[in-house]
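Everything below concerns the one structure shown next.
One is the number of the first residue; the rest follow in order along the sequence.
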Amino acid sequence: MTTAKDIMHSGARWIPAHETLDRAAQLMREHNVGALPVSADGDSDRMVGIITDRDIVVGCVAKGHDPSKVTAGDLAQGTPRWIEADADVDAVLEEMQTHRIRRLPVVENKKLVGMISEADLAQHLTEEQIAGWAEKVYSRS
């Protein structure tokens, strides 16, 4: 059975909710990622959301806000989603499809251990699985 841990990329990193978006962008660049889970505070593994590079551009910069003054917590919205590391790939796809999300944090023993992105799916799934996922995540309905 293929699990979330088998297809994730490891080394995912939190950003505390109080950190600014310019710092988030720097972390994304340093770690070559497009999303960061947002923790309640620096010492917590409690996820309050996830921010993406697109969130920073559309939700801050394009609105004329200063990313050095807006925090990750200001942009983290909605109910955070994640998957257990031992969940099978069908559960991963179901979670992402149901909630129409493109990135999914992976946790093990309540600790962040990785992230699953579209690129991870493309590397590890069949064309049929990827097509089904894309149809549900990107459909307009």
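For the pair Tyr138 and Arg102, the minimum side-chain heavy-atom distance is below 4.5 Å. The shortest distance between side-chain heavy atoms of Ser68 and Arg23 does not fall below 4.5 Å. Residues Met115 and Val106 are not in side-chain contact: their nearest non-hydrogen atoms beyond the backbone lie 4.5 Å or more apart. Counting only heavy atoms from C-beta outward, the side chains of Thr20 and Val70 never approach each other to under 4.5 Å. Considering only heavy atoms from C-beta on, Val57 stays 4.5 Å or farther from Arg54 through its side chain. Within the 4.5 Å cutoff, no side-chain heavy atoms of Leu36 are placed close to those of Ile50. For the pair Met47/Pro105, a side-chain contact is recorded, criterion being any heavy-atom separation below 4.5 Å from C-beta on.
A continuous path of ILVMFWY side-chain contacts below 4.5 Å connects Trp82 to Leu112, so both sit in one hydrophobic cluster. At a threshold of 4.5 Å between side-chain heavy atoms, the hydrophobic network of Ile, Leu, Val, Met, Phe, Trp and Tyr places Leu93 and Ile7 in one connected group.
Rounded to the nearest 0.5 angstrom, Gln97 CD and Trp133 CH2 are separated by 8.5 Å. We find the CD1-CG distance between Ile56 and Asp22 to be 9.0 Å, quoted to the nearest 0.5 Å. Put simply, CD on Glu118 and CD1 on Ile101 are 11.0 Å apart, with the number rounded to the nearest 0.5 Å. For the atom pair Leu27 CG and Leu21 CG, the distance stands at 11.5 Å (nearest 0.5 Å).
Under the salt bridge (Lys or Arg N to Asp or Glu O under 4.0 Å) criterion, Glu94 pairs with no residue at all, not counting sequence neighbours.
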Chi angles and distances behind the side chain to side chain contact (heavy atoms under 4.5 Å, CB included) call for His124, Asp6
CA-CA 9 Å; His124 296 284; Asp6 296 330; over 6 Å; no
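Listed for the Glu19 side chain is no donor-acceptor partner under 3.5 Å among the backbone atoms of Pro16. Proximity of a side-chain donor or acceptor of Asp88 to a complementary backbone N or O of Asp90 within less than 3.5 Å is detected.
A salt bridge is defined here as a Lys NZ or Arg NE, NH1 or NH2 lying under 4.0 Å from an Asp or Glu carboxylate O, and Glu84 with Lys110 fails to meet this definition.
Surrounding CD of Glu128 are at most 12 heavy atoms belonging to other residues, nucleotides or ligands under 6.0 Å away.
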